[in-house]
2 protein chains.
Amino acid sequence: MSTVDQQAFFRCFARVADGLSHAHRLALLQILGQAERDVESLTALTGLPLASVSQHLQRLKRAGLVEVRREGRRRVYRLSSPRVSALSDALGRLAIECLDEAAALEAARRGDAERAVSADELLRLLHRNETVIVDVRPREEYAFAHVEGALNVPLDELEGRLGELPRGRDLVVYCRGPFCVTTDEAVALLRGRGFGVRTLDRSVADLALAGVPVTRA
Amino acid sequence: MSTVDQQAFFRCFARVADGLSHAHRLALLQILGQAERDVESLTALTGLPLASVSQHLQRLKRAGLVEVRREGRRRVYRLSSPRVSALSDALGRLAIECLDEAAALEAARRGDAERAVSADELLRLLHRNETVIVDVRPREEYAFAHVEGALNVPLDELEGRLGELPRGRDLVVYCRGPFCVTTDEAVALLRGRGFGVRTLDRSVADLALAGVPVTRA
DNA sequence: CTAATGTTCAACGAGTTGATTGAATATCAT
DNA sequence: ATGATATTCAATCAACTCGTTGAACATTAG
């Protein structure tokens with residue numbers, strides 16, 4: 001009947017959605033949204049068995065969400081497009097709007113936290129230079145791209161490096177993006193030590209698009 | 001470790017993605033994006049077996065993407081949020097960007113068609129009143145919401161109602177949204193009969209958001 | 001009440017998914 | 001070549017998905 005089959009479109013789209021339809025794959029995409037990575041470091045970061053990571057990555061490739069490059073004996077995976085992160089984030093936002101369970105998680109999470117800093121607000125804070133931005137992601141992700149002037153203190157080093165943080169000024173903490181709970185842990189720790197902390201709930205890539213100055217490798 | 005488990009978030013998000021991960025469900029969402037529908041009419045519109053439709057709808061409900069209401073002896077399904085359509089469309093756009101197969105389909109489809117009319121352009125056309133807008137969706141969808149002043153000629157009636165269309169002025173044809181191939185079929189038919197036709201590749205809901213005047217039931 | 005209608009439910013089978021294991025492959029260092 | 005390293009591949013199993021069928025359920029009409 002039709003020149004092009006409507007179903008064929010939907011089959012393709014469904015294949016992309018299939019890439020997003022497993023918690024582990026979403027975790028991988030979140031990490032790859034920060035920097036490219038080889039299989040080994042993805043294994044370390046997720047704590048999943050190596051073969052499992054490899055298989056999920058191949059599923060993501062089938063879905064068109066990631067691409068691979070060989071580099072010596074390792075394979076470096078990266079997102080096919082920054083829009084992959086954008087879609088994942090949109091998926092998360094929709095889930096929180098439409099699924100009670102997700103709404104409950106988000107409520108529990110943001111329960112005591114005040115509203116996140118917007119990109120515009122961040123620009124103002126950066127300009128006035130009264131705030132210290134703290135990037136709690138792993139070293140490699142910071143190296144790949146970070147908010148200009150941000151201090152990198154990976155979460156697992158945070159407790160031991162509290163001395164490096166200024167007492168007088170407010171801190172703004174960020175990590176991988178809107179649904180990264182690492183921020184929450186950092187905030188809890190810092191508040192417990194008496195720091196004034198706000199959060200930034202967007203990814204570095206996203207902030208860059210919003211006009212925030214970003215330093216790249 | 002964490003106050004809130006990162007994985008719990010991703011499991012929720014994955015459940016939403018799961019709703020999008022089958023061609024038939026995407027077809028159902030596209031239809032529900034136009035108007036609410038009972039199971040019977042969804043069965044008729046998709047051509048799928050009744051029980052199959054019912055099961056997919058329940059999967060969509062589990063994913064938080066649709067809601068049901070009883071109305072007499074029928075159950076009327078509707079999208080949980082207009083953002084469901086927005087996410088489906090974003091999924092399609094990403095697929096076309098990232099999956100070769102989807103890119104090929106889109107290329108084949110738009111091969112001979114000129115660029116679609118933008119919302120702004122449509123506003124201008126409406127204002128100058130030189131164009132006839134043709135809505136080729138089923139009657140019920142037109143009744144639920146349509147571009148102000150549009151003429152409803154469902155695709156299957158188009159051939160028999162060509163006489164109602166003006167010969168002198170250009171036509172702008174639209175249907176369910178960016179990935180609805182019904183438009184293509186209508187365009188092919190109309191071009192074959194010598195009409196000057198352009199297309200509109202956004203859904204009515206989407207056009208409404210963009211400021212195009214829309215008539216609702 | 002009984003029948004008709006619209007929808008869901010339950011159960012089946014073929015196919016797919018995801019985790020796990022161990023073997024196979026490819027690249028690099030020696 | 002040889003061995004070490006990084007990753008994929010192949011095979012297995014339990015769990016799930018999808019379509020199909022027919023029965024079950026709820027609501028309305030008569």
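Note that these values count all heavy atoms, side chains included, but never hydrogens, waters or copies made by symmetry.
Between A/His146 and A/Tyr142, the ring planes lie parallel to each other; the angle is under 30°, not in the 30° to 60° tilted range. Using bins of under 30°, 30° to 60° and over 60° for the plane-to-plane angle, the ring pair B/His24/B/His56 lands in the perpendicular bin.
Within the 4.0 Å cut-off from OP1 or OP2 of C/dT7, not a single side-chain nitrogen or oxygen of B/Ser54 is found. The phosphate of C/dT27 has OP1 or OP2 within less than 4.0 Å of a side-chain N or O from A/Arg70.
Between the P atom of C/dT16 and the CZ atom of A/Arg11 lies a distance of 14 Å, rounded to the nearest Å. B/Tyr77 has its OH atom 8 Å from the C1' atom of C/dT7, to the nearest Å. Here the P atom of nucleotide C/dT8 and the CD atom of B/Glu40 are 12 Å apart, to the nearest Å. Rounded to a whole Å, the CZ atom of A/Arg73 is 15 Å from the P atom of D/dG3. Atom-to-atom, CZ of A/Arg74 to P of C/dC28 comes out at 11 Å; the value is rounded to the nearest Å. Rounded to a whole Å, the CG atom of B/Leu60 is 12 Å from the P atom of C/dT8. The nearest whole Å value for the distance from the CG atom in A/Leu50 to the C1' atom in C/dT25 is 14 Å. Spacing between atom CZ of B/Arg75 and atom P of D/dT27 amounts to 8 Å, rounded to whole angstrom units.
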What string of B, S and - do you get for nucleotides 12-24 of chain D 5' to 3' if you count protein non-hydrogen atoms under 4.0 Å?
-> -----SSBBB---
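The A/Gln58 side chain lies nearest to D/dT8 when the options are C/dT27, D/dT8, D/dT7. Out of C/dT7, D/dT7, D/dA29, the shortest distance to the side chain of A/Asp38 is found at D/dT7.
No side-chain donor from either of A/Glu148 and A/Thr215 sits under 3.5 Å from a side-chain acceptor of the other. Using a 3.5 Å distance cut-off with no hydrogens or angles, the side chains of A/Asp38 and A/Tyr77 do not pair a donor with an acceptor.
Proximity of the aromatic rings of B/Phe179 and A/Phe10 is defined here by a centroid distance below 6.0 angstrom, and this criterion is not met.
The closest donor-acceptor contact from the side chain of A/Ser21 to the backbone of B/Ser21 lies at 3.5 Å or more, if one exists at all.
Inter-residue side-chain proximity for B/Val204 and B/Tyr174 is flagged as met; some heavy-atom pair is nearer than 4.5 Å.
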